[in-house]
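Contents: one structure, followed by commentary.
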Amino acid sequence: MDEQPRLMHSHAGVGMAGHPGLPQHMQEGTGGADGDGRKQDIGDILQQIMTITDQSLDEAQARKHALNCHRMKPALFNVLCEIKEKTVLSIRGAQEEEPPDAQLMRLDNMLLAEGVSGPEKGGGSAAAAAAAAASGGAGADNSAEHSDYRAKLAQIRQIYHTELEKYEQACNEFTTHVMNLLREQSRTRPISPKEIERMVAIIHRKFSSIQMQLKQSTCEAVMILRSRFLDARRKRRNFNKQATEILNEYFYSHLSNPYPSEEAKEELAKKCSITVSQVSNWFGNKRIRYKKNIGKFQEEANMYAARTAVNATNVSSHGSQANSPSTPNSAGGGSLTHSAHNDETLRFMSSPFLCRIRSLRNS
DNA sequence: TAGAATGATTCGTG
DNA sequence: CACGAATCATTCTA
């Protein structure tokens with residue numbers, strides 16, 4: 001087959017034309033002495049093209065070959081390209097102009113914020129730290145969950161990057177393939193370089209939508225991981241013994257009015273390494289449970305009262321201040337000697353808190 | 001493993 | 001919004 005080199009040669013001639021689309025000899029063809037002859041030429045070519053399907057395969061091949069070598073072929077291709085450009089592509093081009101995708105930007109931002117698409121080092125640690133802060137939990141034993149979270153995030157990150165790489169490779173391969181195909185076909189079909197460019201853009205858009213799906217599902221995975229992580233942290237975990245003791249100490253030494261002020265709650269929270277709302281929860285639960293079953297808590301109450309008394313004795317003998325958090329709401333304060341404890345008990349018996357308990361019992 | 005203990009959540013109320 | 005009350009869900013313990 002010696003068709004190709006000759007075809008390529010004839011195609012190269014298109015670029016040599018003075019006008020993009022109409023080569024010199026065609027532009028001149030509108031008038032002049034041999035104008036009628038050229039019109040005749042074009043008419044012949046068109047006639048041959050129209051009738052090519054009626055011929056046998058061999059005849060058609062021969063005719064095709066002859067047409068490809070025809071001196072008017074480049075010009076005809078250019079004209080056809082121009083017509084195509086003005087009709088189909090212009091419509092398609094106008095339709096497919098898209099504004100910058102806001103959703104894609106959101107996804108990109110989220111992936112960056114979660115450390116999935118950003119730089120490798122420290123990825124996700126910010127999110128983990130934020131989650132840890134949100135938990136407000138007792139610090140040390142969360143490290144296992146942190147590393148678990150980070151490991152899962154790294155896994156997602158790796159999958160994302162692998163898939164992205166695959167996508168980019170596939171996109172490049174496909175684009176190259178289509179470009180080669182179109183270049184190849186442009187020898188026998190009127191395909192302009194601009195059209196090839198457009199086709200590449202279309203392919204990129206299509207792959208871009210796949211990329212968006214990838215980003216979307218990655219975002220979903222991160223969200224699920226995060227919610228699971230946070231849910232896991234919401235799991236109830238008993239406070240450590242020291243924290244419980246601090247809280248009980250406060251509760252029983254302020255039994256007449258076990259409602260710590262905001263400042264006292266903050267101080268307790270700090271001491272116990274828990275959040276203020278956890279302190280509130282604890283006091284809420286404690287009050288209601290104490291109220292429901294005073295008898296059951298009596299022993300505990302006595303124990304803490306005795307302990308508070310001992311502390312108070314030590315404090316007064318050392319002349320320093322009580323270590324208990326300050327409480328504007330407190331009727332009793334922290335310093336209780338044995339007799340003071342009796343006073344405290346008396347006050348407790350008539351305290352608003354227990355009055356409410358009694359009225360509840362009577363009703 | 002059942003039941004108790006306990007931290008968290010939800011809902012109604014003042 | 002703080003609180004009480006009921007309830008849920010998990011952990012502890014015998």
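Across all strands, A/K265 comes closer than 4.0 Å only to sugar-phosphate atoms, never to a base (heavy-atom distances). Base contact: A/N281 has a heavy atom under 4.0 Å from a base atom.
Straight-line distance from the CG atom of A/L247 to the P atom of B/dT6: 12 Å, rounded to whole Å. Taking atom NZ of A/K241 as the reference point, atom P of B/dT6 lies 13 Å away to the nearest angstrom. Summarising the geometry, the separation between CH2 on A/W282 and P on B/dA8 is reported as 12 Å, rounded to the nearest angstrom. Nucleotide C/dC12 holds its C1' atom 7 Å from the CG atom of A/N238, rounded to whole Å. The distance between atom NZ of A/K286 and atom C1' of B/dT6, rounded to the nearest whole Å, is 10 Å. Protein atom OH of A/Y259 is 10 Å distant from nucleotide atom C1' of C/dA2, rounded to whole Å. Per the geometry, CD1 belonging to A/I288 stands 13 Å off C1' belonging to B/dT13, to the nearest Å. Atoms CZ (A/F283) and P (C/dG4) sit 12 Å apart, rounded to a whole Å.
Contact annotation: side chain of A/R289 to base of C/dG4, donor-acceptor pair absent below 3.5 Å.
Dashed line: the shortest gap from a side-chain N or O of A/Y290 to OP1 or OP2 of C/dG4 is not under 4.0 Å. Between C/dT11 and A/R237, no contact under 4.0 Å exists linking OP1 or OP2 to a side-chain N or O. OP1 or OP2 of C/dA5 lies within a sub-4.0 Å distance of a side-chain N or O belonging to A/K291. Note on A/K296: a side-chain N or O is less than 4.0 Å away from OP1 or OP2 of B/dA5. Phosphate contact (OP1/OP2 of B/dG7, side-chain N/O of A/Q278, threshold under 4.0 Å): absent.
Separation of the A/F297 and A/Y252 ring centroids does not fall under the 6.0 Å cut-off.
At a threshold of 4.0 Å, the pair A/E197-A/K194 does not count as salt-bridged, since none of the basic side-chain nitrogens sits closer than that to a carboxylate oxygen.
Minimum interatomic distance between A/P260 and A/K265 (heavy atoms only, all atoms of both residues): O-CE, 3.5 Å.
In this structure, A/L104 is not a member of the same hydrophobic cluster as A/I210, with clusters built from ILVMFWY side-chain heavy atoms closer than 4.5 Å.
The 5' end of DNA chain C is approached more closely, in terms of each residue's nearest nucleotide, by A/S280 than by the other of A/S280 and A/N285.
Of the options A/Y290, A/Y304, A/Y259, a ring-ring contact (aromatic ring centres under 6.0 Å, His included) to A/F251 is made by A/Y290 and by none of the others.
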